[in-house]
Amino acid sequence: MAKKQFKAESKRLLEMMINSIYTQREIFLRELISNASDAIDKIYYKALTDDNLTFNKEDYYVKITADKANRTLTITDTGIGMTKEDLENNLGVIAKSGSLAFKSENEAKDGHNIIGQFGVGFYSAFMVADVVTVTSRALGSDEAFKWESEGADGYTITPAEKDAVGTEIVLKIKENTEDDQYDEYLEEYRLRAIIKKYSDFIRYPIKMDVKTQRPKADAENEFEEVQEEQTINSMVPIWRKNKSELTDADYENFYNEKRYGFDKPLKHIHVKADGAVVYNAILFIPENTPFDYYTKEYEKGLELYSNGVLIMDKCGDLLPDYFSFVKGMVDSEDLSLNISREMLQHDRQLTLIAKNIKSKVKSALQGMMKDERENYEKFFASFGRGLKFGVYNDYGMNKEDLQDLLLFTSSKEKKLVSLDEYVSRMPEDQKYIYYASGDSIDRIEKLPQTEMVLDKGYEILYFTDDVDEFAIKMLMKYKEKEFKSVSSGDLGLDSEADKQENEAEDNDNKELFEAMGSLLAGKVKSVKASKRLKSHPVCLSTEGDVSIEMEKILKAMPNGQDIQADKVLEINTNHEVFQSLKTLQADQDKLKLYTNLLYNQALLIEGLPIADPVEFTNDICKIMV
Ligand code: ADP
């Protein structure tokens, strides 16, 4: 019979995985057991809600059988089984959602990483087996089918015999090679250890025939070896256990077993609530950003159990958008089993649980910021952007909840600071929280506008994320201190006397500035003497709500809004260039040349494009000859 080919991307992935030196081969068993357990969940749930199905708890189990002579390892489950189409659709394709297309070639070379991203659980069997045979009979069907594959070159599906509903997976374990030992996956002690390590909390018995010594019935002090079926896992779900019984490693295992992520979580939160609402939850704060986190494809949510039975994979209503990164599960006895998605939204219990979870996560993050700063900074590097969007979204409705979780790079030591840390170390005479925006820290540091503020000994927050300034505009103030951009018209640094002096200076040079202003009509609102510049001849500042960075971001958006910042060209009157400007008033051509040059320089400093670069270079040539 002709072999069917795996879908193209599956084939590539499979080859990569088989050939990758995956250090923890043993996880194949966790993956297969976890699939089996999911399949039992499905049938168990059906039985609970379908009156026509009767069930006995004892009927649901996973059985592991090793046969050394034939080098086979068999994983049998009494789950929901698969139809012919299921076998085709589930086992013929990896990365079903086409998520593979997301990955760059480079990343795809690393098979390990791929396993992590997609949880291609079933295929991990090929790390230890030459041939994988899946025989399955689906619930409600009286025929069974056999799927068989020797790896990357394809698979066959043929009719088969199977008495009971469920799935049997037979792995033909590879022969040992010089470098790799596979025999261990046929050893009872080894299999037992792997099951204990990864699958201890699986809710159904994982059974294995084990050899034990038993006292002989007819002779005293003599033992005989017998084979008996034992349940290897302890079965109590981790969330029902006492926190004191559990170690960090237990939580980490649970996180991996559940495929919440393949990183190591930065923190776990174990909630046992028995107040107004009764529930258990285990929540995780991951370390790495899922590859699709900042796309529409990413789906937030927690697993929702009703009294130990899974009722929903991803209950989005349990998490606010800005905490979308949280992984984990909630188990509540108060929820009805056959609750629908629509009903859930209006469920009072669920709303209470969600509220509770939100505050647990918030205080866990605050605790981390305080006591585990390094971890918090890792977290913030992965998910901070989402928090800032949270401040900005919904008209700032959640800003109070989120403002204390924000971090920004500060001019002081280039370290991350929270707003609270910034405000609490402000000198007494400082009125505002200063910030500067730009593409990178390096670029911001070179902005002439920062000189004066830094000179005063004030700290500046560096905004390098698109969303930063928008979020801050939404906050407006933190602890009664207003935010101020170093590029804004009035920096609030001048005393009354300074102000008068500035005005006088602007007056003295009124004619020159007006002449320059009209040469730049439509480009800047006005030209002024600058008080913020020390060594640079010019810079741009802005008046009004839209800053230059915001203008850039709005322009770059797909629906490209052409919103302009009200720009002011500031001239450093202490600079030599200004002295030569003053001599030019009679020479209109030269004044125009210099004005354009200065304006274009200011644009360059801001990282804004010059309207006519050819003219600009020609202008430079003019002053060179
Ligand atoms: P994942 O479990 O991450 O979806 P897998 O490649 O491990 O990916 O499995 C693909 C699909 O095959 C599963 O989602 C499930 O629908 C089906 N499947 C795998 N193993 C079993 C099983 N033992 N019983 C029933 N269905 C299974």
Side-chain angles (χ1 to χ4, degrees), residues 6-7 9-14 16-18 22 27-47 59-65 73-100 111 114-129 132-141 144-149 151-152 155 157 160 162 164-171 198-199 202-207 255-262 290-292 299 303 310 313-314 327:
F6 287 103
K7 298 271 157 61
E9 75 243 18
S10 310
K11 193 168 165 188
R12 205 173 92 223
L13 188 53
L14 199 51
M16 263 163 15
M17 190 159 65
I18 297 166
Y22 196 59
I27 60 111
F28 80 92
L29 192 56
R30 171 188 81 191
E31 301 297 309
L32 296 181
I33 289 176
S34 157
N35 279 349
S37 161
D38 289 349
I40 303 176
D41 266 345
K42 285 178 195 158
I43 200 170
Y44 187 93
Y45 174 53
K46 263 219 159 77
D59 293 343
Y60 300 102
Y61 62 89
V62 183
K63 173 110 193 226
I64 312 287
T65 318
L73 179 67
T74 305
I75 297 102
T76 312
D77 68 62
T78 57
I80 196 149
M82 284 179 273
T83 61
K84 190 178 175 198
E85 288 69 38
D86 290 340
L87 286 167
E88 178 90 36
N89 295 336
N90 296 335
L91 307 186
V93 189
I94 316 184
K96 286 154 239 133
S97 59
S99 355
L100 194 62
I114 291 281
I115 299 178
Q117 291 287 359
F118 302 113
V120 285
F122 170 75
Y123 293 87
S124 60
F126 287 104
M127 295 195 294
V128 299
V132 179
T133 312
V134 182
T135 309
S136 195
R137 185 172 142 195
L139 177 69
S141 165
F145 290 91
K146 186 168 90 179
W147 179 101
E148 192 164 75
S149 170
Y155 59 92
I157 297 179
K162 193 169 185 309
V165 168
T167 302
E168 179 192 86
I169 301 180
V170 181
L171 310 182
Y198 295 107
S199 311
I202 292 288
R203 295 186 302 122
Y204 308 100
I206 302 168
K207 297 181 184 180
Y255 180 84
N256 287 322
E257 185 187 278
K258 279 289 185 185
R259 308 220 187 108
Y260 290 144
F262 288 75
F291 72 101
D292 58 352
E299 204 188 329
E303 283 185 310
L310 183 73
D313 269 349
K314 278 201 172 160
K327 299 281 178 193

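Both counts, for ligands and for their atoms, begin at 1 and track the order of listing. We count residues from 1, following the sequence as given.
Inspection of the Asp41 and Tyr204 side chains reveals an N or O donor paired with an N or O acceptor under 3.5 Å. A donor and an acceptor atom, one from each side chain of Glu148 and Thr133, are located under 3.5 Å apart. Remark: the Ser136 side chain and the Thr167 side chain contain an N/O donor-acceptor pair separated by less than 3.5 Å.
Considering backbone and side-chain N/O of Phe122, one or more are found under 3.5 Å from N/O of ligand 1.
By the side chain to side chain donor-acceptor pair (under 3.5 Å) test, Tyr260 pairs with Glu303, sequence neighbours left out.
When the heavy-atom distances from atom 12 (O) of ligand 1 to Asn90, Val134, Ile80 are ranked, the shortest goes to Asn90. Among Asn35, Leu139, Ile33, Asp38, the residue whose heavy atom sits closest to atom 9 (O) of ligand 1 is Asn35. If you check each of Met82, Lys42, Glu31 against atom 26 (N) of ligand 1, the one with the closest non-hydrogen atom is Met82.
Atom CG in Leu139 sits 5.0 Å away from atom CD1 in Ile80 (nearest 0.5 Å).
At least one heavy atom of Asp77 sits closer than 4.0 Å to an atom of ligand 1.
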